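Start at 1 with the first residue, then count along the sequence. Small disclaimer: the values here were computed from a predicted structure and weren't measured.
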Amino acid sequence: MKVFAIGASRNIGYYSALKFLQQGHTVAFLLRKTDVFDNDDVMKAFIASGQVQLIKGDALVEDDMRRAWAEASPADAPVDLVFFSVGGNLQFTLKKGFFIHPPNLCTTALLNTLSTYPNPSSEIQPRFVVITSSGITQESHDDLPCIMKPMYSVLLKSPHEDKLGMEKLLHHSSGSSTAWTEASPKEEILAPGWESKVGETGWLKHLVIIRPSFLTDGPETGVYQIGEDLKKRYTISRKDVAHFIAGTLLEKWDELEGKGVVVGY
């Protein structure tokens, strides 16, 4: 299997890509800095073996994304799985509070990924796995314990506004049969006219959205719960999300395709 990994230089993306490589798959990384693995002996071994393709580019730049598709998925060696795990670094100032920069980092990167996909009308498409978050919707926020709600409302407000833009893009592109009941993303997240850029509704045929609970740097346990309407599962380690993505998700793809899956303890 050939994987196109976008946003996989660290965290869930990195751990998942490493598992794919250990399983014998090949991974094409889109990286702003292709020297990011220079001090990583494990990844360097996979690079030397030819299992890793390093593509220099920025998913925030549309032309970079178009070129990356051409390099990662040529006609004679197309991509089988697109793994999107772009995330921002949370920053803080007294004036702005907690924020990410730019505020639409993940949404813009995903918009460019989808809008530059070279064969949207083709019946044969790769599988898309996209990481967003739990706690974005009003229903999932209401399920949080009282002690966690301020953290989601303040600390994670900016990244979750961005992730809501991602969810809107995926809802449109996949032609979801479920009505959109959330508030529309802010215009600074998803500017008017985005529909014409991303393409007709329903063109994205093979999608699973992963909505992790609050992420920790804990160990891989291999013991967690998954489900569309998973309740009262409040944390999950990044390594266990990767364990699910590179294992159970692919094993149960036919069952999970078209769904948004919460992962948590």
More than 12 heavy atoms of other groups within 6.0 Å of [X] [atom1]:
{"X": "Lys197", "atom1": "NZ", "answer": "yes"}
{"X": "Gln23", "atom1": "CD", "answer": "yes"}
{"X": "Asp38", "atom1": "CG", "answer": "yes"}

Side-chain heavy atoms under 4.5 angstrom apart, residues restricted to Ile, Leu, Val, Met, Phe, Trp, Tyr: same cluster for [X] and [Y]?
{"X": "Val223", "Y": "Ile236", "answer": "no"}
{"X": "Val263", "Y": "Val129", "answer": "yes"}
{"X": "Trp253", "Y": "Leu170", "answer": "no"}

Does the side chain of [Y] come within less than 4.5 Å of [X]'s, by heavy atoms?
{"X": "Asn104", "Y": "Glu188", "value": "no"}
{"X": "Leu204", "Y": "His206", "value": "no"}
{"X": "Ile210", "Y": "Thr132", "value": "no"}
{"X": "Val261", "Y": "Leu249", "value": "no"}
{"X": "Ser213", "Y": "Tyr224", "value": "no"}
{"X": "Asn119", "Y": "Gln125", "value": "no"}
{"X": "Gln91", "Y": "His101", "value": "yes"}

Closer than 3.5 angstrom, by distance alone: can the side chain of [X] be matched with the main-chain N or O of [Y] as a donor-acceptor pair?
{"X": "Asp58", "Y": "Arg32", "answer": "no"}
{"X": "Ser85", "Y": "Gly7", "answer": "yes"}
{"X": "Thr107", "Y": "Leu190", "answer": "no"}
{"X": "Thr248", "Y": "Phe244", "answer": "no"}
{"X": "Asp64", "Y": "Ala59", "answer": "no"}
{"X": "Ser73", "Y": "Trp69", "answer": "no"}

Partner of Phe128 under side chain to side chain contact (heavy atoms under 4.5 Å, CB included), chosen from Val79, Ile209, Val208, Leu114: Leu114

Matching residue for Phe4 among Asp80, Leu30, Val27, Thr113 - test: side chain to side chain contact (heavy atoms under 4.5 Å, CB included):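 The single option meeting the side chain to side chain contact (heavy atoms under 4.5 Å, CB included) with Phe4 is Leu30.
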
Centroid-centroid distance, Trp180 to His172, less than 6.0 Å: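 No, the ring centres sit 6.0 Å or more apart.
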
Centroid-centroid distance, His243 to Tyr15, less than 6.0 Å: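 Here the rings of Tyr15 and His243 have centres that are no less than 6.0 Å from each other.
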
Step-by-step salt bridge (charged side-chain N to carboxylate O under 4.0 Å, His left out) determination, Glu167 to Lys163: CA-CA 6 Å; Glu167 290 275 356; Lys163 296 293 176 68; over 6 Å; no

Got a salt bridge between [X] and [Y], using NZ or NE/NH1/NH2 to carboxylate O under 4.0 Å?
{"X": "Glu257", "Y": "Lys205", "value": "no"}
{"X": "Asp217", "Y": "Arg238", "value": "yes"}
{"X": "Arg66", "Y": "Glu71", "value": "no"}

Aromatic ring pairing Trp203/Tyr117, orientation class (parallel under 30°, perpendicular over 60°, tilted between): parallel

Minimum-distance pair of heavy atoms, taken over all atoms of Phe214 and Ser134: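 What the structure gives for the nearest pair is N-OG, 4.5 Å.
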
